[in-house]
Amino acid sequence: MKASQLILGTQRENPSDAEIVSHKLMIRAGLIRQVSSGIYNWLPTGKKVLQKVENIIREEMNFAGAQEILMPMVQPATLWEDSGRIDQYGQELLVFLDRHENKFCLGPTHEEIITDLCKNLLTSYKQLPVTLYQIQTKFRDEIRPRFGVMRSREFIMKDAYSFDLDKESLGNSYLIMKEAYTKIFNKIGLDYRVVKADSGAIGGSESEEFHVLAESGEDLLAFSDKSEYAINAELLTELQEGQDPFSLEGKPSPDGNGILKLKRGIEVGHIFKLGKKYSEVLNLRIPGEDHDIYPEMGCYGIGASRIVAAAIEQNHDEKGIVWPSALAPYQVALVEVNTKDKKEIKDKCLEIYQLFKENDIEVLWDDRDKRPGVKFSDMEVIGIPATVIIGERTLETGEIEFKKRQDEKPELVSHQDLISLIKT
RNA sequence: CGGGGCAUAGCGCAGCCUGGUAGCGCACCUGCUUUGGGAGCAGGUGGUCGCAGGUUCAAAUCCUGCUGCCCCGACCA
């Protein structure tokens, strides 16, 4: 991609209404623009990053045997009346009327829809176990949206739903998803933890959360310093009735091993064992060997758009974003310096540009007629992991200036080494 | 929903107190000169001053009402 043709949307100054670093940088790097409170446009660069997240999720979900579907964002409110959640979910559910004055809502989650779908779709216990998923826009009318896409009203979520014959099989489906999640967050390249969690409004028996560790995280997590024990501090205080979560620091771990340490996290994934809650209340019965069964369900969410913000919270410096390579919108920036009356520089850039393209390296060629400083800072705020600089200095020698995002100065490398340097 | 703040060009802001027909920096467009870390000069584009009412000869400015956005809290993926 040539920067001269790209709608970059970078901004020099921090927006006045952004508080946390990921929000500021997402605006300044031209990833998002606000439409309304908790509602955002995703610009070309942001969309690329989001798509990287989605594709990693999709790959691992498919690998785990889950099947991708797409459910509607608009759902009949009657389904929510049937499940009894219309009151429980409350104001967060955005309800409206269509032209026939039928009540609909914007889907904040899809247990009702998927359960209803499966009533017609699953016709035999032989089809179980099965896990279906989608990557789709959700809407939750948050009391107070904040921090950009970190806590937005509209957001992109991957939600998966498993259906099993019995509890044991559900346990297996759950583990498969947990493993897939582990692989997803490893691939994305963030520092994360899994903790026991409260199943909240979704309901069910058991749940775990995946948190990206960051100082700005809204959740407080408690870990034992001696064992694997890890729990959402809020849940632990509920279990221990009414303590201040902060007071947990240094207390003995409930599993009897070690003492508790607190960290802050951003919840990016949540997996639940739902049991028969939805299958029973919505009457999803599947013919079994001798009698109909209500399948044991599980549900598994990942906040794709939130991951983008969380990744920035964890990976930035004073110049801007520092993408983990799996999420970078481009793997390399090709910056040309002083090309006026220097056709050789343009030619050299074109040559390298094509070399990258032939090797399937996503390259952003900054061919704009701008000062070098402007280009460097744009590439840095966007967070592209590597930059290749082409200018007069190295035109004669044939060497290439190559700089990693966090390096102060470029190093000189040979033409042949370029590709392998970027791929590692 | 309670408490606080803000609303003037794409972004960041001044002007408001003390009413007189809107300004600065950045960005953007044209030209020339520049070009290795956010260039210089010259010229230019862009604003129903959030909305509605009121006071006044005259309102960005004063008064009233409303809306939107941000922050803190309760709540939540």
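Chain letters run A, B, ... following the sequence lines, proteins first, then strands; residues in each count from 1. The structure displayed is predicted, hence computed values, not measured ones.
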Self-check item: Touch class at under 4.0 angstrom, heavy-atom based, for A:F210 against every strand present
Solution: nothing
Exercise. Tell me the partner of B:G53, counting only Watson-Crick (N1-N3 plus N6-O4 or O6-N4) or G-U wobble (N1-O2 and O6-N3) with both under 3.5 Å; none if nothing fits.
Key: B:C63
Quiz item: How close do A:L262 and A:P245 get, heavy atom to heavy atom, and via which atoms?
Solution: CD1-O, 3.6 Å
Quiz prompt | Watson-Crick/G-U partner (both atom distances under 3.5 Å) of B:C1 | solution = B:G73
Exercise. Classify the nucleic acid contact of A:E142 as base, sugar-phosphate or nothing, counting any heavy atom under 4.0 Å across all strands shown.
Key: base
Quiz item: Any side-chain donor paired with an acceptor under 3.5 Å for A:D141 and A:Y89?
Solution: no
Practice problem: Nearest whole angstrom, please: distance from the P of B:G36 to the NZ of A:K375. | Solution: 11 Å
Practice problem: Please check if any side-chain donor atom of A:E208 sits under 3.5 Å from a side-chain acceptor atom of A:Y174, or the reverse. | Solution: yes
Practice problem: Quick one: label A:P108 by what it contacts on the DNA or RNA (base, sugar-phosphate, nothing), any heavy atom closer than 4.0 Å. | Solution: nothing
Quiz item: Taking for each residue the nucleotide of RNA chain B with the nearest heavy atom, is it A:R33 or A:F376 whose nucleotide lies nearer the 5' end?
Solution: A:R33
Quiz item: Which nucleotide in the set B:C70, B:C72, B:U35 lies at the smallest distance from any side-chain heavy atom of A:R371?
Solution: B:U35
Quiz prompt | Strand partner of B:G19, provided both Watson-Crick or wobble distances fall under 3.5 Å | solution = none
Practice problem: With the side chain of A:V374 defined as its heavy atoms from C-beta on, choose the nearest nucleotide among B:C13, B:G36, B:G38. | Solution: B:G38
Quiz item: Taking for each residue the nucleotide of RNA chain B with the nearest heavy atom, is it A:E408 or A:A18 whose nucleotide lies nearer the 5' end?
Solution: A:E408
Quiz prompt | Any A:S16 side-chain N or O less than 4.0 Å from OP1/OP2 of B:C70 | solution = no
Quiz item: If we take the C1' atom in both B:A22 and B:C49, what is their distance in whole Å?
Solution: 8 Å
Quiz item: Can you tell me how far C1' in B:A39 sits from the matching atom in B:G68, rounded to whole Å?
Solution: 39 Å
Quiz item: Is A:Q314 reaching over with its side chain to a backbone N or O of A:D191, donor-acceptor style, under 3.5 angstrom?
Solution: yes
Quiz item: Going by an N to O cut-off under 4.0 Å, is there a salt bridge joining A:E111 and A:K277?
Solution: no
Quiz prompt | Least distance between heavy atoms, A:I266 atom then A:G217 atom | solution = CG1-CA, 3.7 Å
Please list, pair by pair, any protein nitrogen or oxygen found under 3.5 Å from a nitrogen or oxygen in nucleotides 23-25 of chain B.
from: B:G25; atom 1: N2; to: A:E13; atom 2: OE2; distance (Å): 2.9

Quiz item: So with a 6.0 Å cut-off around NZ of A:K357, is the heavy-atom count from everything else above 12?
Solution: no
Which pairs, protein N/O on one side and nucleotides 1-9 of chain B N/O on the other, fall under 3.5 Å?
none

Practice problem: Just call it for A:G391: base, sugar-phosphate, or nothing, with non-hydrogen atoms closer than 4.0 Å on any strand. | Solution: base
Exercise. May I have the distance from A:L94 (atom CG) to B:C76 (atom C1'), rounded to whole angstrom?
Key: 16 Å
Interface polar pairs with nucleotides 28-30 of chain B, N/O, under 3.5 angstrom:
from: B:C28; atom 1: OP1; to: A:K370; atom 2: NZ; distance (Å): 2.3

Quiz item: For residues 41-59 of chain A, which residue pairs qualify under side-chain hydrogen bond (donor to acceptor under 3.5 Å, both in side chains), counting only residues two or more places apart or in two chains?
Solution: A:K48-A:E362, A:K52-A:E362, A:N55-A:R58, A:R58-A:E68, A:E59-A:K187
Practice problem: Could you check which of B:C76, B:G37, B:G12 has an atom nearest any side-chain atom of A:P372? | Solution: B:G37
Self-check item: A:E313-A:S22 side chain donor-acceptor pair, cut-off 3.5 Å
Solution: yes
Quiz item: On a whole-Å scale, what distance lies between the C1' atoms belonging to B:G3 and B:A14?
Solution: 29 Å
Exercise. Can you tell me the distance, in whole Å, between the CG atom of A:L412 and the P atom of B:G36?
Key: 18 Å
Exercise. Would you mind pulling out the nucleotide paired to B:U48, Watson-Crick or G-U wobble, both distances under 3.5 Å?
Key: none
Quiz item: Just by modelled atom types, is the A:D98 backbone N or O under 3.5 Å from a matching donor or acceptor in the A:N102 side chain?
Solution: no
Quiz prompt | Sugar-phosphate, base or nothing in reach of A:K409, heavy atoms under 4.0 Å | solution = nothing
Quiz item: With a 4.0 Å cut-off on heavy atoms, is A:I389 in touch with a base, just the backbone sugar-phosphate, or nothing at all?
Solution: base
Practice problem: Could you please name the partner base of B:A42, counting Watson-Crick and G-U wobble pairs only when both distances are under 3.5 Å? | Solution: B:U30
Practice problem: Return the set of residues passing side chain to side chain contact (heavy atoms under 4.5 Å, CB included) with A:D369 (not counting sequence neighbours), or none when no residue passes. | Solution: none
Quiz item: For the side chain of A:S169 and the backbone of A:D166, is there at least one donor-acceptor N/O pair under 3.5 Å apart?
Solution: no
Practice problem: Take atom CD of A:E92 and atom P of B:A74, then tell me their distance rounded to the nearest Å. | Solution: 16 Å
Quiz item: Touch check for A:N14, heavy atoms < 4.0 angstrom, all strands: base, sugar-phosphate only, or nothing?
Solution: sugar-phosphate
Exercise. Using modelled atom types only, decide if a donor and an acceptor are shared between the side chain of A:K423 and the backbone of A:N359 within a distance under 3.5 Å.
Key: yes
Quiz item: Looking for any heavy atom pair under 4.0 Å, which part of the strands does A:S305 touch: base, sugar-phosphate only, or nothing?
Solution: nothing
Quiz item: Would A:D159 and A:K138 pass as an ion pair if we require N to O under 4.0 Å?
Solution: yes
Quiz item: Using a distance-only test with no angle check, is there a side-chain donor-acceptor pair under 3.5 angstrom linking A:Q406 and A:D317?
Solution: no
Quiz item: Looking only at atom C1', what distance separates B:G54 and B:G19, rounded to whole Å?
Solution: 15 Å
Quiz item: Does B:C24 pair with anything, Watson-Crick or G-U wobble, both distances under 3.5 Å, and if so, with which nucleotide?
Solution: B:G12
Exercise. Starting at the 5' end of nucleotides 42-51 of chain B, put B wherever the base has a protein heavy atom under 4.0 Å, S where only the sugar-phosphate does, and a dash everywhere else.
Key: ----------
Quiz item: Does the side chain of A:S37 get closer than 4.0 angstrom to OP1 or OP2 of B:C70 through an N or O atom?
Solution: yes
Self-check item: Any donor-acceptor N/O pair, A:Y353 side chain to A:M1 backbone, under 3.5 Å
Solution: yes
Quiz prompt | Separation of the P atoms in B:C16 and B:A58, to the nearest angstrom | solution = 22 Å
Quiz item: What do you reckon, is CD of A:E228 surrounded by more than 12 foreign heavy atoms closer than 6.0 Å?
Solution: no
Practice problem: Could you tell me the separation between the CD atom of A:E218 and the P atom of B:C71, rounded to a whole number of Å? | Solution: 10 Å
Practice problem: Select one nucleotide: of B:C69, B:G37, B:G36, the one nearest the side-chain heavy atoms of A:Q34. | Solution: B:C69
Quiz item: Quantified in whole Å, what is the C1' atom distance between nucleotide B:A27 and nucleotide B:G47?
Solution: 16 Å
Quiz item: What integer distance in Å separates A:R28:CZ from B:C26:P?
Solution: 17 Å
Quiz item: With rounding to whole Å, what would you report as the distance between B:C62 and B:A7 at their P atoms?
Solution: 12 Å
Quiz item: To the nearest Å, how far apart are A:R393 CZ and B:U35 C1'?
Solution: 12 Å
Quiz item: Is any side-chain N or O of A:Q11 under 3.5 Å from a base N or O of B:G12, one able to act as donor and the other as acceptor?
Solution: no
Quiz item: Could you give the CZ-to-P distance, from A:R151 to B:C72, as a whole number of Å?
Solution: 12 Å
Quiz item: Would you say the side chain of A:L132 lies within less than 4.5 Å of the side chain of A:Y161, judging by non-hydrogen atoms?
Solution: no
Quiz item: Roughly how far apart, to the nearest Å, are B:G50 and B:C70 at atom C1'?
Solution: 15 Å
